[in-house]
**Student:** 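Take this structure first; my questions come after.
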Amino acid sequence: MKSDQTKKSFEKAPHRALLKADGFTDEEISRPFVGVVNSANEIIPGHIHLGRIAQAVKDGVRIAGGTPMEFSVIGICDGIAMNHAGMRYSLPSREIIADSVELVAMAHAFDALVLIPNCDKVVPGMLMAALRLNIPSIVVSGGPMLAGVHRGRKVDLISVFEGIGRYRAGKITEQDLTEMEGCACPTAGSCSGMFTANSMNCLTEALGLGLPGNGTIPAPFSERIRLAKQAGMKIMELVEKDIRPRDIATKAAFTNAIAVDMALGCSTNTVLHVPAVAHEAGIDLDLDDFDLMSTKVPHLCSLSPAGPHFLEDLYRAGGIQAVMKRLQGTNVLDGSVMTATGSTLSDNLAKAEILDEEVIRPLENPYHEEGGIAILRGSLAPDGAVVKQSGVAPEMMKREGTAKVFDSEEEAAQAILGDRIRAGDIVVVRYEGPRGGPGMREMLTPTSVIAGMGLDKDVALITDGRFSGGTRGAAIGHCSPEAAQGGPIALVRDGDRILIDIPARRLDLLVDDEELSKRKKAFVPPQKKLTGVLKRYAQMCLSADKGARYKD
């Protein structure tokens, strides 16, 4: 056992003395040490209940003959960090989470890990750590919250964000907005639509590193506690069989996960996180892997914010296992891959059932013929840009418009709320990329206001920043190279014409080469005075098309 480094032989008497100071008995010290990585805190609704999940995991580990040792990692609530300087810190936290898990696990020679994340950057951060360390590991999330109900209509956090625009447009009263904010997030858990946290929890299950049910069992359900106990017991089986994360998360498994991503219509942030996770396993994924899969896999599930269903509906329809069972008919899944159950994917799917044909549509009757995400390239984004095409109105799939350019999210939001954006405009928000932000802020506030004001069929937004999984509409992010690197988005001026053609995968700035050459010669990037984490991240991060991860 790896933990023998801390407890075997007479030389380790001081180590055992410290473990006994923790209250561990000789019997407990003799067993495999299982690190229980808990991101619980009293800030994030998705984490407020994770103490109970961790206790269930530890119970399961003890039942199966291991010794659990809990430790904590940080987490940031993207919703609370949204639309102010705090959002710059969210994406960098992913790298810090991965590093902190590595530090504690290696320093204490754990034999295995059970990782308990929820919310946007914590899930990929823990996955990165699991694949980097490559000791037996299982992920068990805290699960999604239930949807709220406002005056007979199901609502979620995005309903409140879009409510700001609806209030500004005079469609609802301030009292309506206040009522909605009081019922949109009724339970603990990750916000109830197919936003980034739930997208990554679902893809963790599809990847095989989470047990069946990990992505969709609602946070308040007792089944979530039972799943946590099962994860604690199952990790001991993986230790015994020496099944490690890289045995599970192979290139074929990542391909499976991308297929599920397309069927679900996941957050565009998966295009940042999945390649960053794969890189830790020595697997190279790029934007074309996502775009190619989008042409093979139809969009089968229409979940909030683009559709009427919520995670609880997907759970009742059979969950991620049912989605994967449906995809067996597309010949894109490799059923031979190993999973955290200790069995192959094909063995797991033999038990799966599709219980609602509207929530998980048949292959011959999808919501859209192509998958949820498309990758655009062209003179405005030579290295690629990302759009959640399943959330784009048909009227906006191909559109030529006039650029309205802003050098920060705040400037763009003020213009939208100030009625300075008109039908036919294309809002360009730049210097918000990984390096230029720094931190690649999410643009949920401006996109939600556009949607709430009823402009989502008339106005597009393009940015070198990124979007929340809660964004819908013609919102095109990750524009690469970013403005801070002198990418073409830095050269756009008010009044320029831009062509968006999602079916053709094009994003073009309609300015002649001679004029662009003049602008490029005169280009001087703005300088920001940076300190601390943001300074280090700006110096170390790669571009969005490379997952915005640290350089090797």
Side-chain angles (χ1 to χ4, degrees), residues 3 19 22-24 28 31-77 93 96-98 100-105 107-108 110-130 133 135-145 187-190 197-198 200-201 204-205 209-211 213-239 245 340:
S3 60
L19 291 167
D22 292 331
F24 291 115
E28 289 173 302
R31 296 173 178 174
F33 288 173
V34 179
V36 178
V37 190
N38 189 358
S39 58
N41 59 59
E42 296 183 351
I43 307 166
I44 309 174
H47 296 218
I48 196 76
H49 64 304
L50 294 187
R52 190 177 179 200
I53 300 290
Q55 186 58 57
V57 167
K58 290 186 286 187
D59 289 345
V61 170
R62 288 192 178 98
I63 288 169
T67 297
M69 298 179 178
E70 182 179 345
F71 66 94
S72 60
V73 297
I74 63 166
I76 288 174
C77 178
S93 76
I96 292 170
I97 290 162
S100 65
V101 175
E102 177 188 6
L103 288 167
V104 177
H108 300 101
F110 286 124
D111 299 300
L113 296 173
V114 180
L115 303 121
I116 309 171
N118 237 11
C119 301
D120 293 24
K121 309 310 171 298
V122 188
V123 183
M126 288 195 184
L127 286 171
M128 290 166 69
L133 293 165
I135 59 176
S137 301
I138 290 179
V139 177
V140 55
S141 78
M145 71 169 61
T187 71
S190 48
N198 288 327
M200 289 306 301
N201 281 330
T204 297
E205 182 178 338
L209 289 173
L211 296 177
N214 178 73
T216 59
I217 297 171
F221 286 15
S222 61
E223 188 179 353
R224 176 62 58 178
I225 300 300
R226 297 196 297 274
L227 182 75
K229 288 182 183 176
Q230 290 162 3
M233 291 185 280
K234 186 61 68 173
I235 193 63
M236 298 309 298
E237 180 182 331
L238 298 187
V239 169

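Residue numbers count from 1 along this sequence.
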**Student:** Let me confirm one number: the OG1-CD1 distance from Thr187 to Ile48, rounded to the nearest 0.5 Å.
**Tutor:**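 Taking OG1 in Thr187 and CD1 in Ile48, the distance rounds to 12.0 Å.
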**Student:** Of the non-hydrogen atoms in Ala188 and His49, which two are nearest, and what is the gap between them?
**Tutor:**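 Closest pair (atom of Ala188, atom of His49, distance): CB-ND1, 3.7 Å.
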**Student:** Please determine whether side-chain contact (heavy atoms from CB on, under 4.5 Å) holds for the pair Asp111 and Val34, giving the CA-CA distance in whole Å, both sets of side-chain angles, and the decisive distance to 0.1 Å.
**Tutor:** CA-CA 6 Å; Asp111 299 300; Val34 179; 5.8 Å; no
**Student:** Are any side-chain N or O atoms of Asn38 and backbone N or O atoms of Ala40, one a donor and one an acceptor, separated by less than 3.5 Å?
**Tutor:**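 Between the backbone of Ala40 and the side chain of Asn38 there is a qualifying donor-acceptor contact (under 3.5 Å).
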**Student:** Determine the minimum heavy-atom distance between Asn201 and Asn214, stating which atoms define it.
**Tutor:**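 Heavy-atom minimum between the residues: O-ND2, 3.1 Å.
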**Student:** Can you measure from CG (Leu227) to CZ (Phe221) and round to the nearest 0.5 angstrom?
**Tutor:**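 Leu227 atom CG to Phe221 atom CZ measures 13.5 Å (nearest 0.5 Å).
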**Student:** Kindly give the heavy-atom pair with the smallest separation between Glu205 and Gly215, and that separation in Å.
**Tutor:**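 So the two residues come closest at OE1-N, 2.9 Å.
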**Student:** Using 0.5 Å steps for rounding, measure from the CZ atom of Phe110 to the CD1 atom of Ile135.
**Tutor:**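 If I round to the nearest 0.5 Å, the distance is 8.0 Å.
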**Student:** Checking Ser137 now: which residues fulfil side-chain hydrogen bond (donor to acceptor under 3.5 Å, both in side chains) with it, not counting sequence neighbours?
**Tutor:**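 Expected list: none.
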**Student:** Assess whether a salt bridge exists between Lys234 and Glu237, defined as any Lys/Arg side-chain N lying under 4.0 Å from an Asp/Glu carboxylate O.
**Tutor:**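 Yes.
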**Student:** Taking Gly75's backbone N and O only, do any of them form a donor-acceptor pair with Ser93's side chain (distance below 3.5 Å, no angle check)?
**Tutor:**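 Not confirmed, Ser93 side chain does not pair with Gly75 backbone.
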**Student:** What's the shortest heavy-atom distance between Asn118 and Ser190, and which atoms?
**Tutor:**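 Looks like ND2-N, 3.5 Å.
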**Student:** So which atom in Ala231 and which in Val114 form the shortest heavy-atom distance, rounded to 0.1 Å?
**Tutor:**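 Closest approach of Ala231 to Val114: O-CG2, 4.3 Å.
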**Student:** Compare every heavy atom of Val123 with every heavy atom of Thr204, then report the nearest pair and how far apart it is.
**Tutor:**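 Closest pair (atom of Thr204, atom of Val123, distance): OG1-CG1, 3.6 Å.
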**Student:** To the nearest 0.5 Å, how far apart are CD1 in Ile43 and SG in Cys77?
**Tutor:**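 SG of Cys77 is found 8.5 Å from CD1 of Ile43.
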**Student:** Would you say Pro117 and Met200 make side-chain contact, with heavy atoms under 4.5 Å?
**Tutor:**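 No; the side chains remain at least 4.5 Å from each other.
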**Student:** Nearest 0.5 Å, please: how far is CD in Glu102 from CG in Leu113?
**Tutor:**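 Here the interatomic distance stands at 11.5 Å.
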**Student:** What's the verdict on side-chain contact (heavy atoms from CB on, under 4.5 Å) for Val37 and Ile116, showing C-alpha distance, side-chain angles and the deciding distance?
**Tutor:** CA-CA 6 Å; Val37 190; Ile116 309 171; over 6 Å; no
**Student:** Does the side chain of Val73 reach to within under 4.5 Å of the side chain of Val104, using non-hydrogen atoms?
**Tutor:**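 The answer is no; the side chains never approach within 4.5 Å.
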**Student:** If I take atom CD1 from residue Ile53 and atom CD1 from residue Ile225, how far apart are they, to the nearest 0.5 angstrom?
**Tutor:**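 One gets 4.0 Å once the value is rounded to the nearest 0.5 Å.
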**Student:** Among residues two or more places apart or on two chains, list those pairs meeting salt bridge (charged side-chain N to carboxylate O under 4.0 Å, His left out) that have a residue in residues 42-65.
**Tutor:**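 Found Lys58-Glu70.
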**Student:** Below 4.5 Å, heavy atoms only, C-beta onward: do Val139 and Met126 meet side chain to side chain?
**Tutor:**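 Answer no - side chains too far apart.
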**Student:** By the salt bridge (charged side-chain N to carboxylate O under 4.0 Å, His left out) test, which pairs, at least two apart or in different chains, include something from residues 115-125?
**Tutor:**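 As it turns out, the salt bridge (charged side-chain N to carboxylate O under 4.0 Å, His left out) pairs with a partner in residues 115-125, which skip direct neighbours, are Asp78-Lys121, Lys121-Glu442.
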**Student:** Verify side-chain contact (heavy atoms from CB on, under 4.5 Å) between Met69 and Asp22, making sure each step is shown before the conclusion.
**Tutor:** CA-CA 10 Å; Met69 298 179 178; Asp22 292 331; over 6 Å; no
**Student:** Going through the checks in order, is the side-chain contact (heavy atoms from CB on, under 4.5 Å) test met by Arg226 and Ile217?
**Tutor:** CA-CA 11 Å; Arg226 297 196 297 274; Ile217 297 171; over 6 Å; no
**Student:** Give a yes-or-no answer on whether the side chains of Arg224 and Ser141 include a donor-acceptor pair shorter than 3.5 Å.
**Tutor:**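 Short answer, yes.
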